[in-house]
Peer 1: 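There's a structure below that I have some questions on.
As a basis for the values below, the full set of heavy atoms in this structure was taken, side chains included, without hydrogen atoms, waters or symmetry mates.
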Amino acid sequence: MATFVMRGREYLVALKAEKGLLAVHTLHWADEIRDPTRRSRTCPRPGRRARAS
């Protein structure tokens, strides 16, 4: 586990050795995870089509 800065933003990452290379897997901070039961106002409802402008 480590932190990594890219484009001025700090990311939580997991480092893993794979085939002689270091792989970096970005993770989410706890405050970045949304409650799946709460729907975003900008997210369309399932089964509904967006209106054409």
Peer 1: Can you list everything that forms a salt bridge (charged side-chain N to carboxylate O under 4.0 Å, His left out) with E32? Sequence neighbours excluded, please.
Peer 2: R9
Peer 1: Under the salt bridge (charged side-chain N to carboxylate O under 4.0 Å, His left out) rule, collect the residues that match up with K19, sequence neighbours excluded.
Peer 2: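 Counting only residues at least two positions away or on another chain, K19 forms no salt bridge (charged side-chain N to carboxylate O under 4.0 Å, His left out).
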Peer 1: Are Y11 and M6 close enough, and set up right, to give a side chain to side chain contact (heavy atoms under 4.5 Å, CB included), and what steps lead you there?
Peer 2: CA-CA 8 Å; Y11 293 89; M6 179 173 58; 4.0 Å; yes
Peer 1: Any chance you could measure T26, atom OG1, to L12, atom CG, to the nearest 0.5 Å?
Peer 2: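 If we round to the nearest 0.5 Å, T26:OG1 and L12:CG are 9.0 Å apart.
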Peer 1: Please enumerate all residues that pass side chain to side chain contact (heavy atoms under 4.5 Å, CB included) together with I33, with sequence neighbours excluded.
Peer 2: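 For I33 the side chain to side chain contact (heavy atoms under 4.5 Å, CB included) partners, ignoring immediate neighbours, are H28.
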Peer 1: Using links of under 4.5 Å between side-chain heavy atoms of ILVMFWY residues, direct or through other members, which residues join L22 in one cluster?
Peer 2: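 Besides L22, the cluster holds no residue at all.
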Peer 1: Measure the CE-NE2 distance between M1 and H25 for me, rounded to the nearest 0.5 Å.
Peer 2: 11.5 Å
Peer 1: Go through the structure and list residues passing side chain to side chain contact (heavy atoms under 4.5 Å, CB included) with V24, not counting sequence neighbours.
Peer 2: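 V13, L15.
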Peer 1: Hydrophobic side-chain clustering at under 4.5 Å (ILVMFWY, transitive links): who's grouped with V5? Put none if nobody.
Peer 2: none
